[in-house]
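Below, chains carry the letters A, B, ... as their sequence lines are ordered, and counting in each starts from 1. Hydrogens, waters and symmetry mates play no part in the numbers below; they use all other heavy atoms, side chains included.
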Protein chains: 2
Amino acid sequence: MPHTYEYPRAALTVDCVVFGFDEAELKVLLIRRGLAPFKGKWALPGGFVRLEETVDEAARRELSEETGLKDVFLEQLYTFGAIDRDPRERVVSVAYYALVKLAEHPATGASDASDAQWFTVAELPALAFDHADILRTALERLRGKVRYEPIGFELLPQKFTLSELQHLYEAVLQANLDKRNFRKKILSMGLLLPLKEQARTGAHRPAQLFRFDAKKYSALKKRGFNFEL
Amino acid sequence: MPHTYEYPRAALTVDCVVFGFDEAELKVLLIRRGLAPFKGKWALPGGFVRLEETVDEAARRELSEETGLKDVFLEQLYTFGAIDRDPRERVVSVAYYALVKLAEHPATGASDASDAQWFTVAELPALAFDHADILRTALERLRGKVRYEPIGFELLPQKFTLSELQHLYEAVLQANLDKRNFRKKILSMGLLLPLKEQARTGAHRPAQLFRFDAKKYSALKKRGFNFEL
DNA sequence: TCAAAAGTGTTCTTGATACACCCATGC
DNA sequence: GCATGGGTGTATCAAGAACACTTTTGA
């Protein structure tokens with residue numbers, strides 16, 4: 001059933017930059033394209049926006065369909081509207097970025113998409129369309145936002161050690177942080193709940209486990225508190 | 001000449017939140033709608049994106065056509081993609097915000113649009129569509145961004161006094177700032193060039209005029225400098 | 001007993017805040 | 001000469017940065 005309009009219309013898509021964190025490395029989830037154009041090339045998960053869903057819903061649906069990921073942190077990033085970004089026709093894409101707890105999700109997702117794979121952000125393959133631009137924009141946003149919003153926790157398991165948290169920040173910000181100062185600062189905010197358990201991993205002293213206290217954060221935020229690292 | 005597509009498509013528009021600053025007041029430029037829906041209501045300037053222009057270009061074109069404003073600071077804000085934001089049909093809108101030097105532009109713009117008018121942000125009329133949401137988002141963005149990027153200068157004439165600059169920040173941030181501390185901080189960045197002229201307005205001591213040194217800022221930025229107020 | 005990561009305080013420096021008076025001008 | 005906004009310096013306090021050793025565990 002064809003649809004006709006008085007004026008020509010751009011197609012509208014969503015694309016998702018999915019970040020994960022694993023073993024001190026920041027990673028991105030890419031999908032190998034099975035169809036032209038850019039067949040065989042790696043690309044961001046995404047697809048067309050349907051009329052009966054919001055743009056946000058489209059992003060969640062495509063993420064779920066192409067990578068199996070659900071209930072993840074997802075936020076709109078930027079809209080890419082260059083004329084020739086898709087060689088076939090005019091396509092405007094609303095980009096999102098997602099943060100997933102990599103340890104709690106299967107390595108490549110329960111996906112019906114042919115091929116999904118995590119890549120270290122420092123070792124990315126060539127990407128289809130303008131997806132390299134989108135990814136760079138997402139990285140800049142993540143680097144900026146992680147410093148003044150407690151979104152880093154979205155990349156860690158619910159229970160984590162202070163060292164894991166520090167390594168996450170070091171990976172995202174590409175900087176070395178002082179262990180004592182980092183702990184002092186993050187603990188002084190009172191947003192980390194120490195758990196009774198300890199992590200026992202390897203031939204070392206076991207580390208205290210914490211979880212992020214989201215309720216306390218939203219209560220503090222209302223009173224004007226600002227997370228800042 | 002009708003255009004036919006296999007799947008139905010949303011229409012794509014741009015909307016612009018235009019900020020100005022005048023006499024210690026932050027203002028927004030609105031347009032009175034001449035057509036249904038929301039006929040007679042105030043709305044943000046904006047319109048449909050054409051296939052032969054980028055989304056950014058569409059924003060600039062609509063701004064020029066509806067308000068007469070050209071060569072202003074313009075930055076993408078957010079894309080609004082709720083299903084029923086336009087009662088006629090599915091319309092997704094990429095919102096922008098603009099900062100204009102109000103003193104250097106005519107009060108209501110050399111506009112072909114019937115009716116354009118500046119409103120104080122504290123005294124806004126009811127707005128068409130979801131434009132109140134868009135405007136609120138733009139205000140939040142402006143409040144956030146003005147603190148860590150030197151965009152406030154886009155709202156002032158090229159030559160300005162320190163008091164004018166301070167009043168601008170006080171209006172945007174809705175806070176009172178200490179005069180001495182403000183001057184110390186802003187001058188210590190070395191981004192304001194004192195001019196030889198002085199402002200002579202009223203029965204007071206004339207104030208030193210400055211201009212923002214954009215070249216110096218971009219040079220410093222490359223070396224890792226961060227503007228922050 | 002060794003390797004490997006966990007944990008812990010103090011000093012110094014820097015930047016933020018608070019605060020009050022004289023200056024130049026037009027009327 | 002007075003009203004109005006322009007312009008200036010210091011003392012205090014809080015937060016950030018730099019820095020090294022002991023503890024606990026498994027192998």
Can you check the B:H204 NE2 to D:dT4 P distance for me, whole Å? 9 Å

Under-3.5 Å donor-acceptor pair between A:R205 side chain and C:dA3 base: no

Is there, by distance only and without an angle test, a donor paired with an acceptor across the side chain of B:K184 and the base of D:dT8 below 3.5 Å? no

Here the distance between atom P of C:dG7 and atom CD of A:E164, to the nearest Å, is 11 Å

With a 6.0 Å cut-off (strictly less than), is the heavy-atom count around CD of A:Q158, excluding the residue itself, greater than 12? no

Please figure out whether B:H167 or B:N181 has its closest DNA chain D nucleotide nearer the 5' end. B:H167

I'd like to know if the side chain of B:H131 and the backbone of B:L44 have a donor-acceptor N/O pair within less than 3.5 Å. yes

From D:dA20, D:dG9, D:dG7, pick the nucleotide closest to the side chain of A:R180? D:dA20

Does the pair B:R61/B:E65 count as a salt bridge with the N-to-O cut at 4.0 Å? yes

Return whichever of A:Q198 or B:Q198 has its heavy-atom-nearest nucleotide of DNA chain C closer to the 5' end. A:Q198

side-chain N/O B:R183 vs D:dG7 OP1/OP2, d < 4.0 Å: yes

Are A:Y78 and A:F80 near enough that their ring centres are under 6.0 Å apart? yes

Rounded to the Å, how far apart are B:K179 NZ and D:dT4 C1'? 11 Å

Please work out if B:S163 contacts a base, only the sugar-phosphate, or nothing of the nucleic acid, heavy-atom cut-off 4.0 Å. sugar-phosphate

What is the distance, to the nearest angstrom, from the CG atom on B:L165 to the C1' atom on D:dG6? 15 Å

Check: A:N181 main-chain N/O paired with A:D178 side-chain donor or acceptor under 3.5 Å: yes

What is the separation between atom CG on A:L162 and atom C1' on C:dA5, rounded to the nearest whole Å? 13 Å

A:D178 CG - C:dT8 P separation (whole Å): 14 Å

Base of C:dG15, side chain of B:K185 - is there a donor-acceptor contact under 3.5 Å? no

Whole angstroms only, please: what is the CD-P distance between B:Q208 and C:dT25? 13 Å

Rounded to whole Å, the CG-C1' distance (B:N176 to C:dT17) equals 15 Å

